[in-house]
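Here's the structure we're looking at; comments come further down.
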Amino acid sequence: MEAKLFDNLNPAQRKAVEVKDGVVLVIAGPGSGKTRVLTSRVAYLLEVRQVYPYRIMAVTFTNKAAREMRERLNRMVGVARASDLMLGTFHSICARILRREAALIGVDRDFTIYDADDQLNVVKAALSELNLDEKKYKPGAIHHAIGASKNELIWPEDFKPDTYFNEITRRVYEKYNAILRANNALDFDDLLMESVRLLQQNQGVRDKMQERYLHVLVDEFQDTNIAQYTLVNLIAGKHHNLFCVGDPDQSIYKWRGADYRNVKRLSDDHADLTMVALDQNYRSTQTILDSAMAVIKKNPNRKHIKLFTERGQGPKVVVRELFNADEEAQYVIDTINELIGQQAAQAGDIAVMYRTNAQSRAIEDAFVRAGMPYKLVGATRFYARKEVKDVLAYLRIVNNPADSISLQRIINVPPRGIGEKTFAILDETARANGMTSLEVLKQGKLAGRSARALADFSSLWQQWVRLRDELNVGQLFEHILAASGYRDFIQDGTEEGADRWANVLELRSVAEAGGDAPLSDFLNDVALVSESDNLEETANAPVLLTLHAAKGLEFRCVFIVGLEDGILPHSRSFDDPEEMAEERRLLYVGITRAKERLYLLRAFRRGMWGASDVTSPSRFLDDLPRDLLDGKSRKNAEVQAEITSWKSIVRAPLSNYSLTTEFKAGDRVYHQKFGEGIVLRSVRQRDDEEVEVSFDDGKTKRLSASISGLKKV
């Protein structure tokens with residue numbers, strides 16, 4: 001069996017798999033086979049070291065990674081042995097721990113896990129209870145601050161405000177947590193935070209967990225936050241067998257709490273740490289790897305590994321400067337057609353990546369104009385669609401009758417004559433008396449015009465709760481759709497209604513696939529599904545996605561658009577070295593998604609809503625060795641000189657030019673966004689016209705005549 005385990009491992013991978021017990025850090029470069037190593041390490045522990053499966057915990061970041069790992073282990077050691085492993089995402093494993101130990105943290109085991117929308121509604125409810133104006137104190141900003149605090153394991157009582165905004169945040173944070181508990185609910189950050197506190201404060205639970213798990217393995221370690229770092233160190237605290245695989249150069253999720261410095265913390269906290277580097281890349285050509293390393297090596301305080309491959313040098317990296325975003329998008333379309341026509345790639349082998357979602361507009365328009373199908377990752381996620389969230393809310397109040405946030409969502413959907421004021425009275429009555437809304441409704445003490453509607457809904461709700469243990473999820477799903485009137489409500493005879501109903505049917509198929517599993521398991525799985533897990537791997541169409549969404553994926557051909565200062569790197573990183581380092585890592589991730597062909601594109605002019613500005617090429621392009629490039633990568637300084645010259649031309653008197661223009665100085669004009677104004681000057685630029693307008697609000701804008709929609713009054 002041992003020989004079979006190592007058949008497909010290179011020397012570095014084998015070294016990692018066979019490493020001695022203790023704390024281990026495997027620095028796994030992109031495309032170096034880290035999943036193979038992690039899976040083989042588990043199989044090695046099972047088959048060679050004869051560790052019992054239930055004594056191994058393997059933690060991943062996505063459901064997709066967990067599924068892939070379990071499928072590989074099923075093939076390697078058999079379904080029976082693999083099924084006894086504790087294998088899943090951080091959040092799913094913590095949810096299992098907390099459901100088992102729910103009483104110790106003051107919740108019922110059927111607690112609801114609130115998603116981002118639910119959490120925002122709780123923040124709004126907290127602001128309302130505190131008589132704070134949500135127009136002044138933005139719920140989204142406060143929600144982000146609360147989440148960041150939980151990632152850092154800062155409880156409300158430990159929150160030290162240093163500004164007035166943070167004082168408001170502290171007050172909302174306290175109320176937010178109180179509302180969660182009143183609803184028998186936890187948010188995603190609570191799953192981690194409460195698990196850490198449980199292990200820190202309850203010696204019995206800690207001893208049990210530490211004794212059970214002889215080996216703890218962690219994937220994508222560079223993406224852990226403080227709570228996750230603390231959690232795995234607590235669980236591994238007795239046997240000290242902590243096997244971490246990651247790549248600090250691919251840490252790109254700082255904005256959601258990830259801290260690449262956990263890699264250094266691991267070294268600092270464990271003096272006997274063993275480090276293994278995986279430096280052979282199986283994905284990309286050497287040209288692509290050399291380009292990626294040229295970008296990332298400028299980051300300070302990194303653990304350097306030199307990536308190599310046996311896939312050959314490969315074609316040069318194509319660098320192109322286009323005139324504007326539309327020309328950039330058209331270049332993408334034309335090149336994709338060439339690649340497909342030359343059989344250099346299939347449509348599904350191609351990805352177009354960008355720094356921000358807003359950049360997809362021009363790309364999508366070009367695909368539509370060309371009649372070319374594409375797949376957009378991260379837009380209108382299935383589980384974010386209204387009808388899907390409605391049905392899930394029905395199921396959630398059945399699973400957890402204390403869930404007032406879900407109740408608020410559907411108590412009047414379809415319309416039942418139960419308005420917001422009635423719900424507020426119901427909710428206040430329940431909380432004032434320490435009861436659930438269902439218990440209040442059972443008593444039938446609420447009077448007024450909505451009393452009958454409330455009684456009817458209460459009868460239905462009680463029936464669904466009784467049926468929860470008699471029907472499987474699919475059957476309960478069908479019953480609620482019919483009895484609630486939601487089926488008739490959504491099938492309104494329109495095309496939009498048909499589309500919404502198709503989404504409900506798709507959700508039903510997910511519910512039915514669970515067979516006889518409990519409703520809580522179904523809701524748990526749905527709550528933990530991530531956006532990237534919904535990518536259809538069989539779709540044969542180019543994929544459009546942000547660089548953040550590209551992590552973990554690979555494509556034969558990759559286009560990265562918008563290589564301009566202010567976009568990549570983002571303008572907010574200019575004065576923050578940490579942010580700039582993350583922007584560099586982001587490009588590194590994008591480059592290393594490519595297997596064979598890489599295209600780096602930028603626009604000379606780019607703007608939104610018709611306003612167009614001259615751009616500077618990304619400073620990261622300056623780092624690319626010229627001998628690796630097909631096309632001229634002009635130095636940033638070179639283009640700055642050109643911009644200065646260009647601006648002097650734009651601002652020159654109109655009399656200096658003999659070219660005909662549509663707009664003349666003194667023309668009265670109207671723009672949909674900026675209103676009315678007067679033309680100061682207009683200059684012909686290639687096949688377009690640059691118009692400088694002084695608007696009535698005192699602002700001056702330079703607009704493209706061809707795309708701004710500017711009209712003479």
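Being a predicted model, the structure only gives us computed values, none of them experimental.
Between A58 and I93, the shortest heavy-atom contact is O-CD1, 3.9 Å. Nearest approach of I410 to D390, heavy atoms of both residues: CG2-O, 3.4 Å. The shortest non-hydrogen separation linking L87 to A66 is CD2-O, 3.5 Å. Of all non-hydrogen atoms in E387 and I490, the two that sit nearest each other are CB-CD1, 3.5 Å. Smallest separation of non-hydrogen atoms from S195 and L191: OG-O, 2.7 Å. Counting all heavy atoms, side chain and backbone alike, T436 lies closest to P401 at CB-O, 3.8 Å.
Under the side-chain contact (heavy atoms from CB on, under 4.5 Å) criterion, K442 pairs with L438, Q462, not counting sequence neighbours. Considering only residues two or more places apart in sequence or on other chains, S520 meets the side-chain contact (heavy atoms from CB on, under 4.5 Å) condition with D110, N399, P518. Not counting sequence neighbours, Y213 has no partner by the ring pair (Phe, Tyr, Trp, His ring centres under 6.0 Å) test. Take Y173 and apply the side-chain hydrogen bond (donor to acceptor under 3.5 Å, both in side chains) test, not counting sequence neighbours, and it matches no residue. Legend: residues meeting ring pair (Phe, Tyr, Trp, His ring centres under 6.0 Å) with F90, ordered by chain and number and at least two apart, are F61. Listed by chain and residue number, nothing satisfies the salt bridge (charged side-chain N to carboxylate O under 4.0 Å, His left out) test with R70 (two or more places apart in sequence, or in another chain). Here L130 pairs with L132, R171, V172, K175 under the side-chain contact (heavy atoms from CB on, under 4.5 Å) rule; sequence neighbours left out. Listed by chain and residue number, D118, D403 satisfy the salt bridge (charged side-chain N to carboxylate O under 4.0 Å, His left out) test with R396 (two or more places apart in sequence, or in another chain). Residues meeting the salt bridge (charged side-chain N to carboxylate O under 4.0 Å, His left out) test with D190, sequence neighbours left out: K150, R181. Residues that satisfy the side-chain contact (heavy atoms from CB on, under 4.5 Å) test with A141, not counting sequence neighbours, are K138, F165. Evaluation of the salt bridge (charged side-chain N to carboxylate O under 4.0 Å, His left out) rule for D469 yields no partner, not counting sequence neighbours.
Distance check, rounded to the nearest 0.5 Å: OG1 of T62 to NE2 of H91 gives 12.5 Å. The CZ atom of R75 sits 9.0 Å away from the CG atom of L73 when rounded to the nearest 0.5 Å. The line from CG of D189 to CG of N151 is 4.5 Å long, rounded to the nearest 0.5 Å. Between the CD1 atom in I97 and the CG atom in L198 there is a gap of 8.0 Å [rounded to 0.5 Å]. To the nearest 0.5 Å, the span separating OH on Y176 from NE2 on H143 amounts to 4.5 Å. Taken to the nearest 0.5 Å, the CG atom of L586 stands 4.5 Å off from the NE2 atom of H548.
One N or O on the side chain of N472 and one on the backbone of Q475 form a donor-acceptor pair closer than 3.5 Å. Put simply, the side chain of N400 gets close to the backbone of N184: a donor and an acceptor are under 3.5 Å apart. Using a distance-only test at 3.5 Å, with no hydrogens or angles considered, a donor-acceptor pair links the side chain of N183 to the main chain of I179. For the pair N433 (side chain) and T429 (backbone), a donor-acceptor distance under 3.5 Å is present. Under a 3.5 Å cut-off, the side chain of R206 and the backbone N or O of Q200 do form a donor-acceptor pair. Proximity of a side-chain donor or acceptor of R593 to a complementary backbone N or O of L553 within less than 3.5 Å is detected. The closest donor-acceptor contact from the side chain of Y229 to the backbone of R265 lies under 3.5 Å. In this structure, E134 contributes its side chain and S128 its backbone to no donor-acceptor pair below 3.5 Å. Proximity of a side-chain donor or acceptor of W461 to a complementary backbone N or O of I397 within less than 3.5 Å is detected. Distance alone, capped at 3.5 Å, is enough to place a donor-acceptor pair between the Q222 side chain and the D247 backbone.
Residue pairs meeting the ring-ring contact (aromatic ring centres under 6.0 Å, His included) criterion with at least one member in residues 391-414, sequence neighbours excluded, are Y394-W464.
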List the steps, then state whether side-chain contact (heavy atoms from CB on, under 4.5 Å) holds for T39 with M76. CA-CA 9 Å; T39 308; M76 295 175 75; 3.7 Å; yes

Going through the checks in order, is the side-chain contact (heavy atoms from CB on, under 4.5 Å) test met by I146 and Q119? CA-CA 10 Å; I146 291 172; Q119 294 164 32; over 6 Å; no

One pair to check against side-chain contact (heavy atoms from CB on, under 4.5 Å): N233 and H270. What are the steps and the verdict? CA-CA 10 Å; N233 275 280; H270 302 280; 2.9 Å; yes

Would Q228 and V59 satisfy side-chain contact (heavy atoms from CB on, under 4.5 Å), going step by step from the backbone distance to the final call? CA-CA 10 Å; Q228 290 160 336; V59 191; over 6 Å; no

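For E420, the CD atom counts as loosely surrounded, since its 6.0 Å shell holds 12 or fewer non-hydrogen atoms of other residues, nucleotides or ligands. Crowding of D268 atom CG: a count of heavy atoms from other residues, nucleotides or ligands under 6.0 Å exceeding 12. Annotation for E157: atom CD counts as buried by contact number, over 12 foreign heavy atoms lying within 6.0 Å.
In this structure, E194 and C94 have side chains that are not in contact, with every pair of non-hydrogen atoms separated by 4.5 Å or more. In this structure, F221 and V245 have side chains that are not in contact, with every pair of non-hydrogen atoms separated by 4.5 Å or more. Contact check for F159 versus E174: no side-chain heavy atoms found under the 4.5 Å cut-off. You'll find the side chain of R212 stays beyond 4.5 Å of the side chain of M86, heavy atoms only. Looking only at side-chain heavy atoms (C-beta outward), M57 and M209 come within less than 4.5 Å of each other. L98 has its side chain within reach of F111: a pair of non-hydrogen atoms, C-beta onward, lies under 4.5 Å apart. Residues T169 and I142 are in side-chain contact: their nearest non-hydrogen atoms beyond the backbone lie under 4.5 Å apart. Proximity of L523 to L395: side-chain heavy atoms (C-beta onward) are separated by under 4.5 Å at one or more points.
With F243 as reference, V19 is the one residue of V42, V19, V23 to meet the side-chain contact (heavy atoms from CB on, under 4.5 Å) rule.
Salt-bridge annotation for R67 and E71: absent, with no side-chain N of the basic residue lying under 4.0 Å from a carboxylate O of the acidic one.
Under 3.5 Å, the side chains of T60 and D219 contain no donor-acceptor pair of N or O atoms. Judged by distance alone, the side chains of H239 and D21 never bring a donor and an acceptor atom under 3.5 Å apart.
Note on ring orientation: taking the six-membered ring where Trp is involved, the planes of Y54 and Y52 are parallel (angle under 30°, cut-offs 30° and 60°).
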